[in-house]
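Just so it is clear, the values below take in all heavy atoms, side chains as well, and ignore hydrogens, waters and symmetry mates. By convention in this document, chain letters (A, B, ...) are assigned in the order of the sequence lines, proteins followed by strands, and residues within each chain are numbered from 1. Quick caveat, the model's predicted, so the values are computed rather than measured.
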4 protein chains.
Amino acid sequence: MGRKPDALRERLRQERRREILAAAGRIFAQKGFEKATTREIAALAGIAEGTIYNYFQGKRDLLISLLGSLVTESLQEALTAELFNLDEQSFLANLIGRRLESITSNADMLLVLFQQIMVDDELRRSYFTRVFLPVTTQLEAYFQARMDKGIYRQTNARMVARATVGAFVMNFVVPTILGERAMPGPERKRLAGELVDFLIGGLAPRPAPTGGTALGLREGSKP
Amino acid sequence: MGRKPDALRERLRQERRREILAAAGRIFAQKGFEKATTREIAALAGIAEGTIYNYFQGKRDLLISLLGSLVTESLQEALTAELFNLDEQSFLANLIGRRLESITSNADMLLVLFQQIMVDDELRRSYFTRVFLPVTTQLEAYFQARMDKGIYRQTNARMVARATVGAFVMNFVVPTILGERAMPGPERKRLAGELVDFLIGGLAPRPAPTGGTALGLREGSKP
Amino acid sequence: MGRKPDALRERLRQERRREILAAAGRIFAQKGFEKATTREIAALAGIAEGTIYNYFQGKRDLLISLLGSLVTESLQEALTAELFNLDEQSFLANLIGRRLESITSNADMLLVLFQQIMVDDELRRSYFTRVFLPVTTQLEAYFQARMDKGIYRQTNARMVARATVGAFVMNFVVPTILGERAMPGPERKRLAGELVDFLIGGLAPRPAPTGGTALGLREGSKP
Amino acid sequence: MGRKPDALRERLRQERRREILAAAGRIFAQKGFEKATTREIAALAGIAEGTIYNYFQGKRDLLISLLGSLVTESLQEALTAELFNLDEQSFLANLIGRRLESITSNADMLLVLFQQIMVDDELRRSYFTRVFLPVTTQLEAYFQARMDKGIYRQTNARMVARATVGAFVMNFVVPTILGERAMPGPERKRLAGELVDFLIGGLAPRPAPTGGTALGLREGSKP
DNA sequence: TATGAATGAGCATTCATTCAT
DNA sequence: TATGAATGAATGCTCATTCAT
């Protein structure tokens, strides 16, 4: 019966799947969902057009699967355990400066997603529950915990979480998308610091009598 | 044979243009740019398909012209003179609570814009220079002025401006788009207040007991 | 407004519709429904492919409309008033030899119809109610009337009507379709006569004592 | 290494062939030839798609082979020796009521055949020589023999044979196909009787009072 | 022989745009 | 200017068939 062992077969299948998805991601990001053609995707993946349909239901399924990839690959790891052990600034700095940076690399893909989210109700629901809510909810939980410990003053944690993400996106992602010339690393770092400063400054329950620029918030999180 | 005076003729022409543009806006927002058809737009505008081409170069031109409308209609008035005479909280509260609220009504359209911005370089440049930069620059100027006066502590005003917009968008616009159920007016108002508080809290040069500018939010997160 | 008068416009439209339908009929008959391509139909009609869709909903709609044409063009006239005034043999001879002969010319088209009738429930229902039932019912009514008058002996008129059609089809239509070489006119005529003889022979209430070959059925339809 | 004896091997091969053919028949009848997919056929047969091609040349070959099956399985036995020993009515009644009834069960398949017969010349020739001619010829021979013996009056035996088949098909097969609700057994039987009566009535050489062969249907259509 | 992944030609349909009236 | 019929390029998807294992 000349069969490949099932394990190998499955591995190859997954590999192929990933290749197609990668190609689709590239083309989608480049042309937008509607303008992208399955022809092009197949060409980039180095396969025949029909082969796509052995792995995916159709063009739209490619986008949905891509959404799944984004979820598992980059966003879910946004708040790992280690992060929670850092002090406040470091946490946010890391979150913004390192973790969420992964968003930047997927920025065009994310935008493509937003394209379709406007139009496709199911996709919208899916994105909302699988990406937006989890991420903001985790961040919200983080802020809430800090507030409860008195490290931050009590306010609407969800609002803070969303504002944080928005502030980040508008400073780092949007300008890139809109074509502002790329920021050099150091400036990028400085900007991240300033943003953290700005955000934390507003959270400090009691600005230290003589703090530096912004935040003397570490002393006395509990009297 | 009873020619209309040029002035009237021109007025009618402008009127027709606006009607078509309005129809296009509705359809674009509803279906997305690619899915929208000129047939539908013409139908909604109550004209024949071909007539569109007497007023616009083509479908893409409709979108570009729509961008122009957005600029003049809603965004440029974001920072009017009167606003500058309000005190700090009121200013931001107004900005967020009233002015930028107009964004919400155009949210669909703006998203459609973003769709195409990803794909269309000219549109992107146009949007960047005509909308994004003006708005953030104005806001930046406002913050800079306040900083120079010592009302806010000195920091990166541009960053603050963008963060402010981002925080707003992520709290008010995105959830709406993603389909979170609509917020009732009072809650909406409260959220806006909390957001302003959060933003200003971080801007106050020295949130000492002597509440200078704005917010009495610093006293006692824990008694 | 440079309009063609509505009447002319409508006439042209109908004309074009007919042309497309004729082309579709030819191609369908030649290749079968599934194998026929809109490209070919458009080419034969001398129009662009897209134009078809200005007149019809799609390929299937072409077939359905064709069914409508068949109904109005050939089958409804199968039993006209004049026919009813002929004597019995003449009636059947005419019916078979002249009227139903039109079926032959549409034979391939009818077969295409049967193709799809197997597969398309709506088409089947449509054909059943719009073609099969009317034709057989009319014929049945004819036979019933003759039976009631005593011209034919009393039996199941519907069965007789259907048997008549079947006998005709199997002798004239099917052999043609299956590729038996075409019958010369005279032979055709003779066969029709024999068939009528055969059919009527079975209907005669009282076979004349000394009839010729087959039918002495005219004398004494009423004592 | 344990080769199967050729005989067994061959038997298994034939078995497999039959399974595939049966599956193809089911699917063809259900969906029509063009709409049927090899994937479905393979699935129903419980084999892989590629395996079909170890037994058949391709999809079209399935149909042609199916034609062969029909010939040998059902149609050739239409006129078996035993039948010839029955009296006239019984013969026809049997032929119609029992033998040709098998057509009904294969009606779907036969229609599918007709589909392709329109389009495929080779298939048409094959069907004509292998099915249509044999059946009608046999029947024709039967009628001719009866005519020669004086049991039926002399007329065109081929025409009678075809008319008989057509009358049967139009009364029993076509209505079923077209979706008329199924006839209950008794009614079915009665209809068959009426049809035979009708057919034989026309065949009786001299329907004199002295009912020769079969049917007492000539006496008194009106008292 | 059996498998099923890969293939790629082929097709119905859509839709922005043109242009004769 | 307004119209809307005509256009035809472009595209997602299907499916019979091949072939390496």
Identity of whatever pairs with dA20(E) - Watson-Crick or G-U, under 3.5 angstrom: dT3(F)
What's the CD1-C1' distance between Ile41(B) and dG4(F), to the nearest Å? 17 Å
Using the closest heavy atom to pick a nucleotide of DNA chain E for each, name whichever of Lys35(C) or Ala48(D) lands nearer the 5' end. Ala48(D)
With a non-hydrogen cut-off below 4.0 angstrom, is Thr37(D) in contact with a base, only sugar-phosphate, or nothing? sugar-phosphate
Would you check if the side chain of Ser65(C) reaches a backbone N or O of Asp61(C) as a donor-acceptor pair within less than 3.5 Å? yes
Between Thr51(C) and dT7(F), is there a contact of a side-chain N or O with OP1 or OP2 at under 4.0 Å? yes
Residue whose closest nucleotide on DNA chain F lies nearer the 5' end, Phe33(D) versus Gly46(C): Gly46(C)
dC13(F) base / Glu49(A) side chain donor-acceptor hit below 3.5 Å: yes
pair_partner(dC13(F)), Watson-Crick or wobble, both distances < 3.5 Å, evaluates to dG10(E)
Classify the nucleic acid contact of Ala42(A) as base, sugar-phosphate or nothing, counting any heavy atom under 4.0 Å across all strands shown. nothing
Can you tell me if Asn54(B) touches the phosphate of dA2(F), counting only side-chain N or O atoms and a distance under 4.0 Å to OP1 or OP2? yes
Does Ile52(B) reach a base, just sugar-phosphate, or nothing at all? Heavy atoms under 4.0 Å. nothing
What's the CZ-P distance between Arg11(A) and dA5(E), to the nearest Å? 17 Å
To the nearest Å, give me how far apart CZ (Arg16(C)) and C1' (dA5(F)) are. 8 Å
Are Phe56(D) and Leu21(D) packed together at the side-chain level, in the sense that at least one heavy-atom pair is separated by less than 4.5 angstrom? yes
Closest-nucleotide 5' rank along DNA chain E - winner of Gln57(B) and Arg39(A): Arg39(A)
Roughly how many Å is it from CD in Glu34(A) to C1' in dC15(E), rounded to a whole number? 13 Å
Decide, yes or no, whether a salt bridge links Arg26(B) with Glu40(B) under the criterion of side-chain N to carboxylate O below 4.0 Å. no
In this structure, how many angstroms lie between the C1' atom of dC13(F) and the CG atom of Asp61(A), rounded? 13 Å
dG12(F) C1' sits how many Å from Phe28(A) CZ, rounded? 12 Å
Under-4.0 Å side-chain N/O to phosphate OP1/OP2 contact, Thr38(C) with dA12(E): yes
Regarding Tyr55(D), tell me which of base, sugar-phosphate or nothing describes its non-hydrogen contacts under 4.0 Å with the strands shown. sugar-phosphate
Show your reasoning for whether salt bridge (charged side-chain N to carboxylate O under 4.0 Å, His left out) applies to Glu10(D) and Arg13(D). CA-CA 5 Å; Glu10(D) 184 55 24; Arg13(D) 201 181 156 74; 5.0 Å; no
Applying a 4.0 Å non-hydrogen cut-off, can you work out what Gly50(B) is touching in the nucleic acid: base, sugar-phosphate, or nothing? base
Whole angstroms only, please: what is the OH-P distance between Tyr53(A) and dA16(F)? 17 Å
Would you say that Arg130(B) contacts Arg125(B) through its side chain, given a criterion of any heavy-atom pair below 4.5 Å between the two side chains? no
Sugar-phosphate only, base, or nothing, as touched by Arg13(D) at under 4.0 Å among non-hydrogen atoms: sugar-phosphate
By the 4.0 Å heavy-atom rule, please label Ala43(D) as base, sugar-phosphate, or nothing. nothing
What is the separation between atom CD1 on Ile27(A) and atom C1' on dG12(F), rounded to the nearest whole Å? 15 Å
So Phe28(A) and Leu113(A), do their side chains get closer than 4.5 Å, heavy atoms only? no
